[in-house]
Amino acid sequence: MAKKVLSIEIGQQVTKAVVVDYLRKNPHVYNAFSFDTPPDAMEDGYIKNKEALANLLKSQMRDNGVKEKDVVFSIASSKIASREVVVPYVPENKIEGMINATAQDYFPVNMEEYTLAYNVLDIVKEKDKKSLKLLLLAAPDTLIQNYYSLADALGVHVESVDYFGNGSMQVLQKHIGSGYCVSVQIGSLNTMVSVLRESQQIMQRTIPYGVNTILDTMMGQQALGLHDKTEAMEMLCRENIIYTTLDYDDIEAVRSTRMTEDQISRSNYNRDARKAVTDAVGGILLSVIRVVDYFNSRYPECQLSHIYITGMGVKIRGIDILFEKEMDIPVRRLEKLTNITFSRGFARSLQDQTEYIAAIGAAIEPVGFRLKSLVAKESHAEGMRVARLIFGVLAVVAVVLVGVAWMQLHSAQKLNEELKAKKDDLQYINEVYKENKEATNRLTEISTLNAATTNQNEQLNTLLKELKSNLPREMSVSYLSSNAEGISMTIDTKSKISVAYMLITLEKNLTSLTDIVVPAVTMNDEEGNVTYSFTVTAEYAAPVVEEGDGQTDGAAQTDAATAQ
């Protein structure tokens, strides 16, 4: 169910109030009432006598069964400055900051003493560029505070403060036809002229003349015999006081040709009064014409199709005819509201639904003037809310981190206990390692000693055996010497060819020698007995270690011990 508010428009002569759905495009009006504003209680939107007005409002609320405590005010005042501006497109939540930063460019006043509000009129698209068309408003802080003080006196909560022109627009844009139209809302103190295109506002101007100007003129005409403005308003709505055109002489010339002398005599007494009243209405009319002329000069391609008259002025008899003849544009009186539903209990008693346009529209989408102190308080509260939210998030994160750390600690403690148990189970390895280390050290010492006492000359016995098996029979070794590097031996033979045979045999079959060299061969001839002598030198070959030999393991162990 939609929230209901009491929306109040306090006029110079009449105060209007409605109980209506809040922030609904097509709201339902549950209750509506109006009453005469106390004399001298209002002056250009300012409430001068809060106590008297508050007491009267309380009484009217009680008499009409109104119990709502959330209130929306609609203010009409010449002190509220308005501008239509086009600004670069930004998201909705960035608009307020942007207009606060640039407001001084639009209003030549001290902005520290004014409260800003805005309404988005249109999103303008030009090629690949988007802009926002805003209705920018600036109201004196004292004016806004004035209404909050009244709310305190009433004991109600201010839901929002709206501008009279905006509230009217929220309702009027639902009642106009297609194309470009002009809405002329004639209030008590001023007249709001708006140029609309379907649901969009193109331009809006405020004229400082209203019904009150016409009533003041009527009260100054003794021929009309009026006692107060209420009686003057009743006459204005009941009788055809104003002329159908501002060219009175032509009208009177036509009428005089159709009237008798007696009729002319009797009508002369109010002719001057009618002229004066028509002039008062004409002041509003001529101002509207100037607004329309300005629109036509600015938008020459746009053709106005209709003029809609609404507000208090719609009751003035013959005003639509006067406007239509002077402006040459079809004029319609807007006296019933569509898309707004009224409860049956009081709808029939309403003489004119359009009197409540501003009050109803203020609840649909108010511009939202707010006290700076309240904004600062809300900002502080929002800051505290954000701080609490951040603190809460940090607290949750801290709890999570502590929980994760505890789980990690618990897991680490469990792992530590498991490793300690494994360590106890593997204590015997220390003894094995100690024994292995001692054995390795002994092996290293033995291998080192063996390496220090071993040389190649130990292969001499093996060499002698190989020589014995491979030297030809006719050869004999007469001399042999050896050292760690190799041998040198002298061999005697009876044939020179055996020397070559011996070399081939030794190189092929002797594994213990290498680099076998015979420097020279000497021939000896003793009494016909020829022998040959030659010296053989050779180096010991490195011993060949076969795989699987026990010496390999020993050597490997020796190398390993040396590496350690």
Side-chain angles (χ1 to χ4, degrees), residues 23-26 80-109 111 114-139 160 162-185 192-207 287-308 327-330 338-339 361-362 364-370 375:
L23 301 181
R24 288 282 296 270
K25 292 297 183 182
N26 300 307
I80 299 178
S82 64
R83 296 288 186 275
E84 294 170 11
V85 300
V86 178
V87 298
Y89 180 85
V90 294
E92 177 68 25
N93 60 349
K94 303 290 184 182
I95 297 178
E96 185 172 356
M98 179 178 61
I99 64 173
N100 285 332
T102 60
Q104 195 68 57
D105 298 337
Y106 306 116
F107 300 107
V109 293
M111 294 310 301
Y114 280 75
T115 298
L116 290 174
Y118 71 92
N119 193 12
V120 178
L121 300 180
D122 193 12
I123 298 177
V124 182
K125 296 180 180 179
E126 296 178 356
K127 296 182 180 179
D128 57 345
K129 181 181 178 182
K130 287 201 303 184
S131 303
L132 290 174
K133 185 176 182 181
L134 305 178
L135 174 62
L136 193 58
L137 303 164
S160 186
D162 192 38
Y163 171 54
F164 174 85
N166 175 71
S168 302
M169 272 301 307
Q170 297 302 322
V171 177
L172 291 175
Q173 64 186 4
K174 302 175 182 298
H175 296 79
I176 64 173
S178 59
Y180 292 86
C181 305
V182 178
S183 167
V184 180
Q185 185 176 1
M192 191 74 61
V193 182
S194 305
V195 180
L196 314 172
R197 183 186 61 195
E198 297 179 358
S199 62
Q200 296 179 359
Q201 177 177 297
I202 308 302
M203 187 174 67
Q204 187 177 81
R205 295 292 183 270
T206 301
I207 299 170
S287 297
V288 173
I289 292 174
R290 283 193 292 270
V291 173
V292 171
D293 288 342
Y294 174 75
F295 172 79
N296 290 332
S297 64
R298 188 174 178 184
Y299 303 94
E301 73 283 359
C302 302
Q303 185 68 35
L304 296 175
S305 60
H306 289 86
I307 294 176
Y308 293 87
M327 299 188 69
D328 197 24
I329 301 175
T338 59
N339 298 325
I364 294 177
E365 190 176 343
V367 294
F369 286 112
R370 293 188 296 166
V375 173

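Using a 4.5 Å cut-off on side-chain heavy atoms (C-beta onward), Val87 and Tyr106 make contact. Between Leu132 and Ile123 there is a side-chain heavy-atom pair separated by less than 4.5 Å. Put simply, the side chain of Asn296 reaches to within 4.5 Å of the side chain of Leu304, judged on heavy atoms. Side-chain contact check for Ile207 versus Val184: every heavy-atom pair is 4.5 Å or farther apart. Here the side chains of Met169 and Asn119 are not in contact, with every heavy-atom distance at 4.5 Å or above. At a threshold of 4.5 Å between non-hydrogen side-chain atoms, the residues Asp122 and Ser131 do not count as touching.
Between Ala103 and Leu116, the shortest heavy-atom distance links the atoms CB-CD1, 3.3 Å. When all heavy atoms of Ala138 and Met111 are compared, the pair lying nearest together is CB-CE, 4.5 Å. Residues Ile80 and Phe369 come closest through the heavy atom pair CG2-CZ, 4.2 Å. The minimum heavy-atom distance between Ile202 and Leu196, with the atom names listed, is CG1-C, 4.3 Å. Nearest approach of Val90 to Ile95, heavy atoms of both residues: CG2-CG1, 3.7 Å. Taking every heavy atom of both residues into account, Tyr308 and His306 meet most closely at CE1-CB, 3.8 Å.
Expressed to the nearest 0.5 Å, how far CG of Leu136 lies from OG1 of Thr102 amounts to 7.5 Å. Distance CE/Met192 to CD/Gln204: 5.0 Å, rounded to 0.5 Å. The distance from atom CZ of Arg370 to atom OG of Ser160, rounded to the nearest 0.5 Å, is 8.5 Å. For the atom pair CD1 of Ile307 and CD1 of Ile329, the computed distance is 4.0 Å after rounding to the nearest 0.5 Å. Rounded to the nearest 0.5 Å, atoms OG1 (Thr206) and CZ (Phe164) are 9.0 Å apart. Note that the OH atom of Tyr299 and the OH atom of Tyr180 stand 8.5 Å from one another [nearest 0.5 Å].
Other residues, nucleotides and ligands contribute only 12 or fewer heavy atoms inside 6.0 Å of the CG atom of Asp328.
Lys129 places no side-chain N or O within 3.5 Å of a backbone atom of Tyr89 that could act as its donor or acceptor partner. Using modelled atom types, no side-chain atom of Asn166 and backbone atom of Gly361 make a donor-acceptor pair closer than 3.5 Å.
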